[in-house]
Amino acid sequence: MEPMDIVGKSKEDASLPKATMTKIIKEMLPPDVRVARDAQDLLIECCVEFINLVSSESNEVCSKEEKRTIAPEHVLKALEVLGFSEYIEEVYAAYEQHRIETMKLLQQDSLKGGKWSNGAEMTEEEALAEQQRMFAEARARMNGSNTAPKQPEPEQSLES
């Protein structure tokens with residue numbers, strides 16, 4: 001009998017794109033190092049298993065908080081629970097960078113009148129300040145603190 005995952009497919013059905021994974025593996029190694037195809041397949045399987053493990057634990061953390069949507073702070077807490085605390089800072093930094101890049105893309109799209117445009121414009125500094133405020137709130141929630149971070153004082157414009 002085959003092990004089944006949540007959506008009813010066998011675990012063998014879940015995989016990562018081999019070309020992308022091969023590129024990532026090769027980028028991490030010196031140019032003169034070759035990786036056997038079996039070793040590449042094993043690394044891909046390890047990545048899939050790691051994703052399954054972190055996803056499952058993130059779901060547990062989320063469920064304990066009686067939430068229905070796994071949020072980034074649930075993933076960070078799952079990493080801590082699973083013993084990957086030393087990676088949390090680096091994972092969080094990568095997440096922040098992703099959010100900043102996504103925000104910039106959305107902002108560019110809104111300036112072009114794209115589908116994400118809602119008419120509300122925000123400067124890059126305002127967006128970054130809002131993002132940092134939201135991160136601080138998320139950190140406070142993740143650490144179990146009930147105190148919300150202070151709101152920064154709005155800067156006064158020189159224009160009249």
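The shown structure was predicted, so the numbers you read here are calculated from the model rather than taken from an experiment. For this chain, numbers begin at 1 and follow the sequence in order.
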**Q.** Rounded distance (nearest 0.5 Å) linking atom CG of Leu43 with atom CZ of Phe50
**A.** 13.5 Å
Q: Answer yes when Glu101 and Lys104 have at least one side-chain N-carboxylate O distance shorter than 4.0 Å, and no when they do not.
A: no
Q) Taking NZ, NE, NH1 and NH2 as the nitrogens, is one of them in Glu60 or Lys64 under 4.0 Å from a carboxylate oxygen of the other? A) no
Q. Would you call Glu96 and Arg99 a salt bridge, taking side-chain N to carboxylate O under 4.0 Å as the test?
A. no
Q.
Looking at Glu27, I want to see if its CD is surrounded by more than 12 non-hydrogen atoms of other residues, nucleotides or ligands under 6.0 Å.
A. yes
Q) Would a 4.5 Å heavy-atom cut-off, applied to side chains only, mark Val75 and Val91 as touching? A) no
Q.
By the definition side chain to side chain contact (heavy atoms under 4.5 Å, CB included), identify the one residue from Ile25, Leu42, Ile24, Leu16 that meets it with Cys47.
A. Leu16
(Q) Just so I know, are the side chains of Glu45 and Glu49 near enough to count as touching, which here means a heavy-atom distance under 4.5 Å? (A) no
Q) Measuring from Leu53:CG to Glu57:CD, what's the distance to the nearest 0.5 Å? A) 7.5 Å
Q | Separation between CD1 of Ile51 and OG of Ser56, rounded to the nearest 0.5 Å | A | 13.5 Å
**Q.** Test item: Glu124 and Met103 side chains (from C-beta on) under 4.5 Å apart, heavy atoms
**A.** no
Q) Given side chains that start at C-beta, do those of Lys18 and Ile44 come closer than 4.5 Å, heavy atoms only? A) yes
Q. Quick one: do Leu106 and Met134 end up in the same hydrophobic cluster if we chain Ile, Leu, Val, Met, Phe, Trp and Tyr together by side-chain heavy atoms under 4.5 Å apart?
A. no
Q) Are side-chain heavy atoms of Lys77 and His74 found at a separation under 4.5 Å? A) no
**Q.** CD on Glu126 to CD on Glu130, rounded to 0.5 Å
**A.** 10.0 Å
Q | Closest non-hydrogen atom pair between Ala39 and Val35, with its separation | A | CB-CG1, 3.7 Å
**Q.** Donor-acceptor contact present, side-chain Ser63 to main-chain Asn59, <3.5 Å
**A.** yes
Q: Answer yes or no: does atom CD of Glu86 have more than 12 heavy-atom neighbours from other residues, nucleotides or ligands under 6.0 Å?
A: yes
Q.
Rounded to the nearest 0.5 Å, what separates atom CG in Leu105 from atom CD1 in Ile100?
A. 12.0 Å
Q) Can you tell me how far the CE atom of Met21 sits from the NZ atom of Lys26, to the nearest 0.5 Å? A) 13.0 Å
Q | Closest heavy-atom pair and its distance - Ile70, Ser58 | A | CG2-CB, 3.8 Å
Q. Tell me, do Glu80 and Leu76 make a side-chain contact under 4.5 Å, heavy atoms counted?
A. no
Q) What about Phe135 and Leu128, same hydrophobic cluster or not, with Ile/Leu/Val/Met/Phe/Trp/Tyr joined at side-chain heavy-atom distances under 4.5 Å? A) no
